[in-house]
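These numbers were taken from a predicted model, which means no experiment stands behind them. Note on naming: letters A, B, ... go to the chains in the order of the sequence lines (proteins, then strands), and numbering restarts at 1 for each one. Note that these values count all heavy atoms, side chains included, but never hydrogens, waters or copies made by symmetry.
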There are 2 protein chains.
Amino acid sequence: MHRHEGHAACHADADDMLARAEAVCRERGLQFTPLRRDVLEAVAESGKAQGAYDIAERLSAPGKRVAPVSVYRALDFLMEQGLVHRIASRNAFIPCAHGHAPGEGVIFLICRSCGGVDEASSVEVEGGLGRTLERAGFTPVHSILEVEGDCGACRERMQAP
Amino acid sequence: MHRHEGHAACHADADDMLARAEAVCRERGLQFTPLRRDVLEAVAESGKAQGAYDIAERLSAPGKRVAPVSVYRALDFLMEQGLVHRIASRNAFIPCAHGHAPGEGVIFLICRSCGGVDEASSVEVEGGLGRTLERAGFTPVHSILEVEGDCGACRERMQAP
DNA sequence: GGCGGCGGTGATACACTGTAACAAACCCGC
DNA sequence: GCGGGTTTGTTACAGTGTATCACCGCCGCC
């Protein structure tokens, strides 16, 4: 689950997300269309990573079908604007919990029992990674770091049922 | 990065891989079947990450078709034995270049221009990641760290064509 | 007002990735 | 040879992502 202790305030709730997204788009002269809004809201509302098809289904209502391809386009847009992240190991998407410094590395903490995804960052990891890449003569363009395991809340729940 | 200077000798060649795989299997009482051998060879021969369907096609000959599902099973086996890695960001597979210490984190360096994948590791990154996870109250089960960028060889090639 | 371009959306089709289920073949110890 | 586990073949299918074309709405321009 998200908004876990240790991180109580770390996830902006859906309203904040939407407000931030609207501000970002206005600032950059981009359109924050209803579809994009809906997709972002769908991603932000559920605490866990959502597949594109899940989102499409969630947004579809009898009489108004939202095709996955539309969702993908909206997600591409949202990712370009840094409002949404993709979890490669899950083929799923989560809202970006907080504005990152541009280029800052993000660590995704994926709970295998509740499916919630938390974000962390570490200058230590980042520095070490940079030095490692440099030693290897490798110029990074972007990197993904995803950790699967058990979040604190789930671990407690398992110990004291 | 281990053995990898330009790129020429950077991939343990297929023969070494096969010999090591056979030894590992014998040691663990597992079968190193012809199919598994062929799949590992296909992964090891090409210097770059291979999709499961690419492998299937590569192993298929007129009259003898290898179905993707068979390739997946062989890959699952090879991954369990630590002989092959999966690149989540590419849905592709590479041979494990060298035996890792069990549980040791691996960093994948994926060249976006030549498609080659190199492996690196760093106690510094690993330590920092461990401390970050601990601070977050998160118990890791396994993690993936993949960096996309330009390898040294390709960067040189681009500068001086 | 008409016209053309441009970005966004809808819709269909398709390619790629991965898994389930079942049957047949194989191997090994008894 | 027989029984039981493992491996492979085969088919079908679920899930993920992209290509293509048509249409719409908007804005600037003539």
*By nearest nucleotide on DNA chain D, pick out whichever of B:Val69 and B:Gln31 is the more 5' one.*
B:Gln31
*Across the strands shown, which category fits A:Arg90 at heavy-atom distances under 4.0 angstrom: base, sugar-phosphate, nothing?*
nothing
*May I ask you to verify if any side-chain N or O of B:Asn91 is less than 4.0 angstrom from the OP1 or OP2 atom of C:dC16?*
no
*What's the closest nucleotide to the B:Ala67 side chain, out of C:dG18, D:dT10, C:dT9?*
D:dT10
*Take B:Asp76 and A:Ala74, find for each the nucleotide of DNA chain C with the closest heavy atom, and name the residue whose nucleotide sits nearer the 5' end.*
A:Ala74
*Write down the distance between OH (B:Tyr72) and P (D:dC13), rounded to a whole number of angstrom.*
19 Å
*Does the ring center of B:His85 lie less than 6.0 Å from the ring center of B:Phe93?*
no
*asked:* Rounded to whole Å, please give me the gap between CD in B:Gln50 and C1' in C:dT17.
replied: 15 Å
*Rounded interatomic separation in angstrom, taking CG from B:Asp54 and P from C:dA15*: 15 Å
_Below 4.0 Å: OP1/OP2 of D:dG9 and any side-chain N or O of B:Arg65_ = no
_For atom CG of A:Leu78 and atom P of C:dT9, their distance in whole Å_ = 10 Å
*Return the value, rounded to whole Å, for the distance between atom CZ of B:Phe93 and atom P of C:dT17.*
9 Å
*asked:* Quiz question: going by heavy-atom distance under 3.5 Å, is there a donor-acceptor pair between the base of D:dG17 and the side chain of A:Arg73?
replied: no
*Less than 4.0 Å between a side-chain N and a carboxylate O, is that true for B:Glu45 and B:Arg58?*
yes
*Take the protein atom CZ of A:Phe32 and the nucleotide atom C1' of C:dG8, then report the distance between them rounded to whole Å.*
15 Å
*Presence of salt bridge, B:Glu148 and B:Arg90, under 4.0 angstrom*: yes
_Taking 5.5 Å and 30° as the limits, would you call B:Tyr53 and the base of C:dC16 a stacked pair?_
no
*asked:* For C:dG10 and A:Ser70 - does any side-chain N or O of the residue sit under 4.0 Å from the phosphate oxygens OP1/OP2?
replied: yes
*Should the heavy atoms of other residues, nucleotides or ligands under 6.0 Å from CD of A:Glu124 be counted, would the total exceed 12?*
yes
*State, to 0.1 Å, how close B:Cys96 and B:Gly82 come at their nearest heavy-atom pair, and which atoms those are.*
CB-O, 3.4 Å
*asked:* If you only use heavy atoms from C-beta on, which nucleotide in D:dT7, C:dG8, C:dG18 is closest to the side chain of A:Thr33?
replied: C:dG8
*Using whole Å, report how far CZ of B:Arg28 lies from C1' of D:dT6.*
18 Å
*Nucleotide D:dT8, atom C1' - distance to CG of B:Leu59 in whole Å*: 14 Å
